[in-house]
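Just so you know, residue 1 is the first one in the sequence shown, and it goes up from there.
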Amino acid sequence: MKSPSSLASDGTPVNGLMPVDAVADLIRAGACLSLAGRKEALDALPAGRWIGGTSPYFMTAEGGRIVTGQEVFVTDLGAIGDVSIGIYGADELEQISGEAPDQGFALAVIPAGSRCHAEFAKNAATYPMAFMRPTVGWISGYDLGEPGASAWVYDGRSGAAFADRVVVAHVAFGDDADALIEIVNIFAPEGEDVIRFDETGFTPRWCTVNGERRRFADYVMARGRQAGDLPLVGDFAGAHVNASLKSIDAAAGTVELYAPVFPGVDYAFAAPVGDYAGSFREALSTRSFDGAAWSCNCILNFLFGKLEGVAIGGLAGPVTFGEIAYQLLNQTMVVVRKA
């Protein structure tokens with residue numbers, strides 16, 4: 001059932017930051033929404049037809065922002081199509097794409113660091129209809145300045161918060177439109193080395209570099225890449241998919257990534273990017289955003305690119321601890337549009 005549409009003053013569907021009280025009014029009026037904000041803001045909302053996840057970081061038309069608990073980012077899903085909401089455990093994630101509409105998309109929110117996060121990252125590409133019925137979405141996060149903070153997702157029907165479930169809004173178009181997924185990746189492989197891994201995982205210990213077996217942590221240190229600002233870029237049949245560095249323990253010889261690496265894929269470190277904001281503006285200037293409905297961008301771009309207060313163009317949306325476009329991505333911008 002399509003919910004009442006919540007429209008901005010110019011008649012367009014709401015897709016931006018709003019005060020908590022105004023969001024609560026929309027929910028009570030029956031609007032079907034995708035929400036993002038601090039936990040205290042989402043905890044204050046009434047039950048209704050919404051899904052949500054935690055993040056204090058956002059991109060807006062005016063630039064990147066870190067919000068307080070008084071604002072929530074709102075996307076009006078009811079203005080896009082007919083919406084049904086579901087919730088899934090780690091052993092049920094293949095149902096997300098399997099139950100998605102033939103024309104439309106699934107919008108999923110997954111808590112960072114959860115079992116669901118790891119399961120989806122490793123196996124999403126193998127789920128039924130994964131590339132025929134698109135899943136987009138984001139990995140919820142937390143304020144990096146708050147020690148001990150956790151990521152949460154919300155099933156707004158009950159208002160319950162979960163640390164290890166996936167909430168999904170299946171959005172079905174009522175016409176012949178299709179969902180087009182735009183992946184904006186400003187990184188390209190440097191072309192110096194070819195790196196391969198033997199196993200799927202977030203913590204690769206060994207790799208081959210140009211055919212030579214090496215401990216991955218040693219290679220990262222030797223290349224001076226331990227800062228983590230430049231991701232690994234994998235070649236997936238010509239598509240560039242990033243796996244970003246989370247941490248490195250040189251003494252233990254371990255590296256932790258934000259997304260898994262896969263065997264049979266050629267990886268390379270990304271070439272340096274001198275101007276994050278300029279690179280995004282250039283990439284976005286060549287794309288059409290007609291019918292754009294939702295977007296997100298990565299926390300690593302926000303931090304390393306110093307995007308707080310800096311506008312890059314494109315759509316507004318949450319800044320995330322991972323992006324979803326069919327599978328888990330890092331250091332990218334994802335946009336879904338109706339076309």
Problem set entry | From CA spacing to verdict: side-chain contact (heavy atoms from CB on, under 4.5 Å), Val220, Leu245 | CA-CA 10 Å; Val220 173; Leu245 275 68; 3.7 Å; yes
Exercise. Going through the checks in order, is the side-chain contact (heavy atoms from CB on, under 4.5 Å) test met by Ile312 and Met59?
Worked result: CA-CA 9 Å; Ile312 61 171; Met59 294 305 301; 4.0 Å; yes
For this session: Step by step, work out the salt bridge (charged side-chain N to carboxylate O under 4.0 Å, His left out) result for Arg337 and Asp290.
Result: CA-CA 7 Å; Arg337 62 190 182 94; Asp290 292 343; over 6 Å; no
For this session: Could you check Thr54 against Leu42 for side-chain contact (heavy atoms from CB on, under 4.5 Å), going step by step and ending with a plain yes or no?
Result: CA-CA 8 Å; Thr54 50; Leu42 299 179; 4.2 Å; yes
Exercise. Going through the distances and angles, do Trp50 and Tyr154 end up as a side-chain contact (heavy atoms from CB on, under 4.5 Å)?
Worked result: CA-CA 8 Å; Trp50 59 276; Tyr154 285 75; 3.5 Å; yes
Problem set entry | salt bridge (charged side-chain N to carboxylate O under 4.0 Å, His left out) assessment of Arg65 paired with Glu308 | CA-CA 5 Å; Arg65 284 201 48 200; Glu308 185 176 2; over 6 Å; no
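When atom types are taken as modelled, the side chain of Thr60 and the backbone of Glu62 share a donor-acceptor pair closer than 3.5 angstrom. Without hydrogens or angle criteria, Arg281 side chain to Ala311 main chain gives a donor-acceptor distance under 3.5 Å. Ser97 places no side-chain N or O within 3.5 Å of a backbone atom of Arg133 that could act as its donor or acceptor partner. Here the side chain of Arg28 pairs no donor or acceptor atom with the backbone of Pro46 at under 3.5 angstrom. The closest donor-acceptor contact from the side chain of Asp235 to the backbone of Asp266 lies at 3.5 Å or more, if one exists at all. No donor-acceptor pair under 3.5 Å is formed between the side chain of Asp193 and the backbone N or O of Val209.
Glu99 and Tyr88 form a side-chain donor-acceptor contact under 3.5 Å, judged by distance and modelled atom types alone. Side-chain contact of Asp249 with Thr254: a donor-acceptor pair under 3.5 Å is absent, judged by distance alone. Defined by atom type and a distance below 3.5 Å, a donor-acceptor pair is missing between the side-chain atoms of Asn297 and Tyr57. At a cut-off of 3.5 Å, with distance as the only test, a side-chain donor of Gln331 or Ser244 sits close to an acceptor on the other residue. Counted by atom type alone, Arg223 and Tyr219 present one or more donor-acceptor pairs between their side chains at under 3.5 Å. In summary, the side chains of Glu323 and Thr320 do present a donor paired with an acceptor at a separation below 3.5 Å, with no hydrogens or angles considered. Asn242 and Tyr258 share no donor-acceptor pair across their side chains, judged by distance under 3.5 Å alone.
Cation-pi geometry between Arg213 and Trp206 is met: under 6.0 angstrom from the ring centre, within 45 degrees of the axis.
Of all the heavy atoms in Ile27 and Ala47, the pair that sits closest is CG2-O, 3.5 Å. The minimum heavy-atom distance linking Arg157 with Ile85 is given by the pair NH1-O, 3.1 Å. Here the closest non-hydrogen pair linking Ser295 and Val335 is CB-CG2, 3.8 Å. Across Gly137 and Leu107, no two heavy atoms sit closer than the pair CA-CD1, 3.7 Å. Listed here is the closest heavy atom pair of Tyr267 and Pro260: OH-O, 4.3 Å. Of all heavy-atom pairs between Gly322 and Asn330, the closest is CA-ND2, 4.4 Å.
Side-chain atoms of Val336 and Pro134, non-hydrogen and from C-beta on, never get closer than 4.5 Å to each other. The shortest side-chain heavy-atom distance between Trp138 and Cys296 falls under the 4.5 Å cut-off. Here the side chains of Lys338 and Phe173 are in contact, with some heavy-atom distance below 4.5 Å. Between Tyr276 and Phe304, the closest side-chain pair of non-hydrogen atoms falls below 4.5 Å. Using a 4.5 Å cut-off on side-chain heavy atoms (C-beta onward), Ile87 and Val168 make no contact.
In this structure, Leu329 is a member of the same hydrophobic cluster as Trp294, with clusters built from ILVMFWY side-chain heavy atoms closer than 4.5 Å.
Here the options are Asp164, Val153, Ile324, the test is side chain to side chain contact (heavy atoms under 4.5 Å, CB included), and the partner is Ile110; only Ile324 passes.
Remark: Phe269 CZ is packed, more than 12 non-hydrogen atoms of other residues, nucleotides or ligands lying under 6.0 Å away. Residue-environment remark: CD (Gln70) stays at or below the threshold of 12 foreign heavy atoms within 6.0 Å.
The pair Arg115-Asp91 meets the salt-bridge criterion, since a charged nitrogen lies less than 4.0 angstrom from a carboxylate oxygen. Between Glu199 and Arg205 there is no salt bridge, since no side-chain nitrogen of the basic residue lies less than 4.0 Å from a carboxylate oxygen of the acidic one. Using a cutoff of 4.0 Å between basic side-chain nitrogens and carboxylate oxygens, Arg225 and Glu190 are scored as salt-bridged.
Taking OG of Ser84 as the reference point, atom CZ of Arg49 lies at 8.5 Å (rounded to 0.5 Å). To the nearest 0.5 Å, atom CZ of residue Arg196 and atom CG of residue Asn210 are 11.5 Å apart. In this structure, CZ in Arg287 is found 9.0 Å from CE in Met333, a value given to the nearest 0.5 Å. Atom CG of Leu300 sits about 10.5 Å away from atom NZ of Lys246, to the nearest 0.5 Å.
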